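This one's a predicted model, so the numbers in the text were calculated from it and none came from an experiment. A note on names: the letters A, B, ... follow the listed sequences, proteins ahead of strands, and every chain is numbered from 1.
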Amino acid sequence: MRFLKPSSLIHFHRVFPKFSLTKPSQIHSHGQTRSRPNEVLKEYLKANATTKAILFLRDLIRKSISSIDSYSLLYIVKVCTRKSSPYEARQFHTLIVKLSYNSIIFVQTSLINYYSAVANLADARQVFDEIPTKNLVCWTALISAYVDNQKPNTALKLFREMQTDNFEPDEVTLVVALSACADLGALGIGKWIHNFIRRSKNLNKDLTLYNALLNMYTKCGDIKSAKMLFNTIKHKNVTTWTSMITGHAIHGQAKESLALFKAMTDSKIVPNDVTFIGVLMACSHVAMVDEGKHYFKIMSEEYGLKPKVSHFGCMVDLLCRAGCLQEAKDFILEMPERVRPNAVMWRTLLGACSVHGDVDLGEEVRWRLGEFEENWGGDDVLMGNMYASRGIWEKKEMSRNCVDKRVPGCSLIEVGSEIHEFVAADSDHPFGCKIYEVIQSLFGNMRASYGCTFDL
DNA sequence: ATAGGGTTAG
């Protein structure tokens, strides 16, 4: 069997010189009988057999283009999304355009999803722009694409734009928008959404929506509103409980966190691996070493959950904050084979060495960090500070000179219903650094942490 | 038959 090379438009011309364009409405009509190839593709999709599905469709296209339709292409785009390989779907996108399926909104929306999954926002945006008659689903897909690619500010701008365009958000759109608020610390907009939900009569107010609200409140630092909301949710699931546990943990309220964990298990809700992240965070933020060790232990022994690298990370953080540096190092080195220590864990330890002025261990850890590809400027800054605090000036200078790339500092501030981003010393910002200065004079230096937003 | 839904260490 000979497989086709990655195709281009020209390639399709060569293989199928004479296929005629059929109007999508003709092909995509309701009366159409289900085709066998589409059933096969569906099966491959379900079984996650991505490569098989792609080869199968390519072969089909080569043999007889008429045996595929817009459903085939939709399924294959979904397959490519699952595979998340950056150029895999391009050939199929080309074919979609060639066959005029690009006027089918289902197909376009799945393409937005695909480009989002491969971090290609430019093309996601272009597909969206080319949809002649937009609907709520494709708007939501685009907003979601920006959230998933760490552009929550743009996501919220689009959320507003969508409403200006007379689309009323539904529960799915709101969940996505709330997630953007959580990422930004945009409490004001989050509250606006909460009000919107309270007023609305047509929304399907499901638990996912309330969980998203709860998450928004905790991430925006409004733990009181979070708690109030939590108490009004009648049927809580693991996510609801975990969000609240993590919320308290973020705010250093370990007692509340652990009490909730108990209340949760008492009401027969089974914790999952994420729940334990929250619990371990709670212990770590108040340096409750023994409790942390206890939960780490029962996680696998009582609940049969295999600790992941992030759980080990929590334990390292816990030991570091408690000042048990040597133990933290041994803990990292003794991690089981299946979870390799990562740079973050070593970096946590390096930070602790800096706090405790342990230059010798710091040097060893810095050396171990060298084995990871990524060069984080902060590592050498920490080393420099450590040397400086001991008066080892030549080494301090050496490590400072290793800092090759400096990322400018950045602050976010919510003014009215917008989040403004201030890059340090960026006097070109349209809103001006003036607001930043005003805020500073009002509130002092802003902390770069959860909930550092202000309503003006 | 087809599209959109963040609880996850520092």
Side-chain angles (χ1 to χ4, degrees), chain A residues 27-28 30 32-35 38-39 41-42 45 69-78 81 101 104-114 116 127-128 131 134-145 147-148 150 152 162 169-183 204 206-209 211-212 214-216 218-219 237-247 249-250 271-285 292 307-318 320-321 342-352 376 378 449:
Chain A
I27 293 167
H28 214 86
H30 287 293
Q32 192 178 352
T33 50
R34 290 193 195 187
S35 75
N38 290 347
E39 292 302 309
L41 280 173
K42 238 174 157 174
L45 186 63
D69 59 14
S70 67
Y71 288 97
S72 327
L73 287 160
L74 188 125
Y75 290 136
I76 208 67
V77 170
K78 277 186 108 163
T81 306
Y101 292 146
I104 300 169
I105 201 153
F106 293 85
V107 176
Q108 293 299 72
T109 308
S110 66
L111 279 169
I112 293 175
N113 251 343
Y114 165 75
S116 167
V127 171
F128 176 83
I131 299 176
K134 302 177 179 29
N135 65 13
L136 188 55
V137 180
C138 72
W139 267 108
T140 309
L142 186 71
I143 296 170
S144 178
V147 176
D148 289 345
Q150 294 81 46
M162 182 192 90
D170 71 357
E171 63 280 358
V172 181
T173 321
L174 293 175
V175 166
V176 176
L178 283 168
S179 152
C181 293
D183 290 349
N204 170 26
D206 55 18
L207 185 54
T208 310
L209 182 59
N211 285 343
L214 182 62
N215 180 245
M216 180 279 295
T218 60
K219 295 288 160 60
N237 64 8
V238 212
T239 308
T240 322
W241 286 97
T242 302
S243 287
M244 200 64 235
I245 289 170
T246 310
I250 289 170
N272 60 21
D273 53 336
V274 187
T275 316
F276 279 98
I277 297 277
V279 170
L280 293 176
M281 260 172 81
C283 297
S284 148
H285 287 181
K308 295 201 230 171
V309 66
S310 48
H311 297 98
F312 283 92
C314 288
M315 290 306 288
V316 172
D317 188 43
L318 172 64
C320 284
R321 286 189 205 236
N342 60 24
V344 176
M345 312 181 59
W346 287 115
R347 198 160 285 135
T348 304
L349 182 52
L350 187 64
W376 197 266
S449 64

State which of [options] makes the closest approach to the side chain of [X].
| X | options | answer |
| --- | --- | --- |
| A:Ser144 | B:dG10, B:dA3, B:dG5 | B:dG5 |
| A:Thr173 | B:dA1, B:dG4, B:dG5 | B:dG4 |
| A:Ser310 | B:dA9, B:dA3, B:dT7 | B:dA9 |
| A:Asn38 | B:dA3, B:dG6, B:dA1 | B:dA1 |
| A:Ile105 | B:dA1, B:dA3, B:dA9 | B:dA3 |
| A:Val176 | B:dA9, B:dA3, B:dG5 | B:dG5 |
| A:Asp69 | B:dG10, B:dG6, B:dA1 | B:dA1 |
| A:Tyr75 | B:dA1, B:dT8, B:dG5 | B:dA1 |

Mind listing the closest non-hydrogen atom pair of [X] and [Y] along with its distance?
| X | Y | answer |
| --- | --- | --- |
| A:Val77 | A:Ser110 | CG1-O, 3.5 Å |
| A:Gln108 | A:Val127 | O-CG1, 3.5 Å |
| A:Ser243 | A:Leu214 | CB-CD2, 3.8 Å |

Would you classify [X] as touching base, sugar-phosphate or nothing, given that sugar-phosphate means primed atoms plus P, OP1 and OP2, and contacts are heavy atoms under 4.0 Å?
| X | result |
| --- | --- |
| A:Phe276 | nothing |
| A:Leu174 | nothing |
| A:Val309 | base |
| A:Asn342 | base |
| A:Met315 | nothing |
| A:Val147 | base |
| A:Thr246 | nothing |

Query raised in the report: A:Tyr114: what forms a ring pair (Phe, Tyr, Trp, His ring centres under 6.0 Å) with it, not counting sequence neighbours?
Result: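 For A:Tyr114 there are no ring pair (Phe, Tyr, Trp, His ring centres under 6.0 Å) partners, ignoring immediate neighbours.
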Within the structure, does a side-chain N or O atom of [X] lie under 4.0 Å from either OP1 or OP2 of [N]?
| X | N | result |
| --- | --- | --- |
| A:His285 | B:dG10 | yes |
| A:Asn113 | B:dG4 | yes |
| A:Lys134 | B:dA3 | no |
| A:Arg347 | B:dA9 | no |
| A:Lys78 | B:dA3 | yes |

Take the protein atom [atom1] of [X] and the nucleotide atom [atom2] of [N], then report the distance between them rounded to whole Å.
| X | N | atom1 | atom2 | result |
| --- | --- | --- | --- | --- |
| A:Leu280 | B:dT8 | CG | P | 14 Å |
| A:Asp206 | B:dG6 | CG | P | 12 Å |
| A:Ile250 | B:dG6 | CD1 | P | 17 Å |
| A:Met281 | B:dG10 | CE | C1' | 10 Å |
| A:Lys308 | B:dT7 | NZ | C1' | 11 Å |
| A:Asn215 | B:dT8 | CG | P | 6 Å |
| A:Leu73 | B:dA1 | CG | C1' | 15 Å |
| A:Lys219 | B:dG10 | NZ | P | 12 Å |

**Report entry** Under-3.5 Å donor-acceptor pair between A:Asp170 side chain and B:dG4 base
**Finding:** yes
Requested in this report: Answer yes or no: side-chain N or O of A:Thr140 and base N or O of B:dG4 forming a donor-acceptor pair under 3.5 Å.
Outcome: yes
Query raised in the report: Under 5.5 Å between ring centres and under 30° between planes: does that hold for A:Phe312 against the base of B:dA9?
Result: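 Stacking is absent between B:dA9 and A:Phe312, given that the ring centres and planes do not meet under 5.5 Å and under 30°.
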Report task. Compare the aromatic ring of A:Phe106 with the six-membered base ring of B:dT2 and state whether they stack according to the 5.5 Å and 30° rule. Result ->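 The ring of A:Phe106 is stacked on B:dT2.
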Query raised in the report: Under the 3.5 angstrom rule, does the side chain of A:Asp170 hit a backbone N or O of A:Thr173 as a donor-acceptor pair?
Result: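 Yes, the answer is positive, given that a donor and an acceptor are paired below the 3.5 Å cut-off.
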Requested in this report: Quick one: classify the glycosidic conformation of B:dG6 as syn or anti, with syn meaning within 90° of 0.
Outcome: syn
Query raised in the report: Listed by chain and number, what are the side-chain contact (heavy atoms from CB on, under 4.5 Å) partners of A:Thr246, not counting sequence neighbours?
Result: A:Thr242, A:Ile250, A:Met281
Query raised in the report: Cationic tip of A:Lys42 within the cone over A:Tyr75's six-membered ring, i.e. under 6.0 Å and within 45° of the normal?
Result: no
